[in-house]
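Notes follow the structure.
We number each residue from 1, following the sequence as shown. All values reported here derive from a predicted model rather than from experimental measurement.
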Amino acid sequence: RWQSGEATITFGVELFSWTTQREVPGVGYVTLKLRTSSITSAIFDKKSNVLKIRGFVEVPMDKLDRWYDPFSSPGSPKGYLCLKFQNYAEFTEVVKAVPRLKARVTFQNGTLPVVKQWCKEIKVGTWQSGEATVHFEEDVFSWTTKREVPGLGHITLKMKTSSITSAIFDKRSNVLKVRGVVDVPMDMLDDYYDPFSYPGSPTGYLSLTFTNINNFLEVIRAVPRLKAKTSFESGALGGSSAASRAGGSGALGGS
C-alpha cells in the first residue's frame, strides 16, 4: 500500500530492481529488489495495465511494515507489488524476457477471474459431498453440498487457496486431489476428514472429479496457487476406493 512513485525498472531473469522516487522514512531514496524466484503468482489487468505480483520485495521492513506484508493473506492489498505499465505491449515485452513471470501470470479484464466448473463427484476426505458447481477463485474454492450435513442441512464449504500445499491431477480419471484445509464443521465430519492426517491418508484430501482435463486446465489458469502446486499422473489415482465408498455412505447419510 506504500507508493514508491514512478520509476524505470530493470527487469532481469533473476531480479527486478528500481530506485524509489519517494523517500523511505528514515532511510531516504533506496533501491528495491524482487527476486523472480520468490514469485508465486501474478495477475495482469488488461484494462488498467496493472501487474500485481505475489512475491517478496526486499525492503527495510521496519520502515514499511505498516504498508507491506508479503506474508499477508492472498487478496490483501498489503501483500502485492503493483506495477502500472504505460501499455500492454510494454508488459508483454517484459514477460518474454522473464520466464518465471511468464509461467506465473494470469490475465483479467478489470475484475478477478471466477471459473465455475461442474464436478460430478466431490469428496471431503472420505465423505461424499455430492456433485456440484464449484466456484474457483484466486483466493478461495467454494460449493454448496448436494448431501446434507446432519443438523446443518445443505451448507457452503470453502477452501482458501493459501492453504494448498500440494495437488495431484489424474489425467485418466480427471480426479484432482488437493492437500489443503477445507473449512468444515469439524465436529460433524471429523470421522471422515482430517486435513492434518499423514500424506496419503484418504481422509486428508479434497477430491474433485472433473468432466474432462480441459475444464481442469481452465481452472489452473485462473488459480496461480493451484497451478504452482499441481503435479500430473496417469491412472495412479483411479476412482473411488472401497474405503472411500464405505466412508462416504456411513453415518452421515444423504438426502
Side-chain angles (χ1 to χ4, degrees), residues 40-41 71 73-74 117-213 215-217 219-220 223-255:
T40 57
S41 65
F71 305 108
S73 59
Q117 291 291 359
W118 178 259
C119 292
K120 57 186 179 181
E121 183 180 30
I122 302 172
K123 292 193 299 180
V124 182
T126 58
W127 183 68
Q128 294 188 12
S129 159
E131 60 189 6
T133 296
V134 181
H135 292 68
F136 295 96
E137 301 178 63
E138 180 190 2
D139 299 338
V140 67
F141 303 164
S142 62
W143 73 98
T144 300
T145 61
K146 174 86 168 181
R147 301 181 65 195
E148 293 187 9
V149 177
L152 297 175
H154 301 287
I155 62 174
T156 297
L157 296 182
K158 299 180 180 181
M159 169 182 274
K160 291 184 174 63
T161 59
S162 58
S163 75
I164 296 174
T165 57
S166 65
I168 302 173
F169 184 79
D170 185 337
K171 292 184 286 186
R172 181 173 297 176
S173 64
N174 294 314
V175 171
L176 173 69
K177 291 179 65 176
V178 183
R179 184 83 173 178
V181 179
V182 178
D183 296 332
V184 299
M186 297 303 294
D187 56 332
M188 299 297 180
L189 298 181
D190 55 4
D191 288 338
Y192 306 90
Y193 177 62
D194 178 7
F196 306 108
S197 60
Y198 62 88
S201 168
T203 64
Y205 295 85
L206 168 65
S207 298
L208 306 169
T209 302
F210 288 80
T211 305
N212 53 58
I213 190 173
N215 287 357
F216 170 66
L217 294 177
V219 168
I220 63 172
V223 186
R225 175 76 177 187
L226 180 62
K227 180 179 180 180
K229 297 297 182 182
T230 296
S231 58
F232 292 84
E233 296 186 0
S234 295
L237 299 182
S240 300
S241 66
S244 296
R245 288 195 296 271
S249 59
L252 283 178
S255 60

**Q.** Test applied, side chain to side chain contact (heavy atoms under 4.5 Å, CB included); reference residue, F216; option that passes from N174, T230, L208
**A.** T230
Q: Could you tell me the separation between the CD1 atom of I122 and the CG atom of L206, rounded to the nearest 0.5 Å?
A: 7.5 Å
Q: Would you name the heavy atoms of K177 and S207 that are closest together and state the gap between them?
A: CG-OG, 3.7 Å
Q) Taking the side chain from T209 and the backbone from K120, do they hold a donor-acceptor pair closer than 3.5 Å? A) no
**Q.** Donor-acceptor contact below 3.5 Å, side chain R225 vs main chain I164
**A.** yes
Q) Would F141 and L157 count as a side chain to side chain contact (heavy atoms under 4.5 Å, CB included) if you check the C-alpha gap in whole Å, the side-chain angles of each, and the deciding distance to 0.1 Å? A) CA-CA 8 Å; F141 303 164; L157 296 182; over 6 Å; no
Q: Determine yes or no for a side-chain-to-main-chain donor-acceptor pair under 3.5 angstrom, with S41 supplying the side chain and P224 the backbone.
A: no
Q: Could you walk me through whether K171 and E233 pass the side chain to side chain contact (heavy atoms under 4.5 Å, CB included) test, one step at a time?
A: CA-CA 6 Å; K171 292 184 286 186; E233 296 186 0; over 6 Å; no
Q) How long is the gap from OG1 on T211 to CD on Q117, to the nearest 0.5 Å? A) 7.5 Å
Q.
Strictly distance-based, threshold 3.5 Å: is any side-chain N or O of H135 a donor or acceptor partner for the main-chain N or O of W143?
A. no
Q: Dump the intermediate steps for side-chain hydrogen bond (donor to acceptor under 3.5 Å, both in side chains) on T156 and T144, then the final yes or no.
A: CA-CA 4 Å; T156 297; T144 300; 3.2 Å; yes
Q | Closest non-hydrogen atom pair between K158 and V140, with its separation | A | CB-CG2, 3.9 Å
Q.
Let me confirm one number: the NE2-NZ distance from H154 to K146, rounded to the nearest 0.5 Å.
A. 8.5 Å
Q: List the steps and the verdict of side chain to side chain contact (heavy atoms under 4.5 Å, CB included) for L226 and L176.
A: CA-CA 11 Å; L226 180 62; L176 173 69; 4.2 Å; yes
Can you give each donor-acceptor pair under 3.5 Å made by side-chain atoms of residues 198-205, sequence neighbours left out, with the distance rounded to 0.1 Å?
from, atom 1, to, atom 2, distance (Å)
S201, OG, T203, N, 3.3
S201, OG, T203, OG1, 2.9
T203, OG1, S197, OG, 3.3
Y205, OH, G200, N, 3.0

**Q.** Atom pair NZ (K229) and CD1 (I220), whose distance is rounded to the nearest 0.5 Å
**A.** 14.5 Å
Q: Apply the test side chain to side chain contact (heavy atoms under 4.5 Å, CB included) to residues E121 and E131: give CA-CA distance (whole Å), side-chain angles for both, the deciding distance (0.1 Å), then the verdict.
A: CA-CA 5 Å; E121 183 180 30; E131 60 189 6; over 6 Å; no
Q: For the pair K160 and D183, find out whether any cationic side-chain nitrogen is under 4.0 Å from an anionic carboxylate oxygen.
A: yes
Q: Might you point out which heavy atoms bring V181 and S163 nearest each other, and give the distance in Å?
A: N-OG, 3.0 Å
**Q.** Side-chain touch F169/I213, heavy atoms, less than 4.5 angstrom
**A.** yes
**Q.** Within-4.5 Å side-chain heavy-atom neighbours: N212 and F210
**A.** no
Q) What closest approach, in Å, do Y193 and V182 show between heavy atoms, and which atom pair accounts for it? A) OH-N, 2.9 Å
Q: Heavy atoms only: give me the nearest E137-V223 pair and the separation to one decimal.
A: O-CG2, 3.7 Å
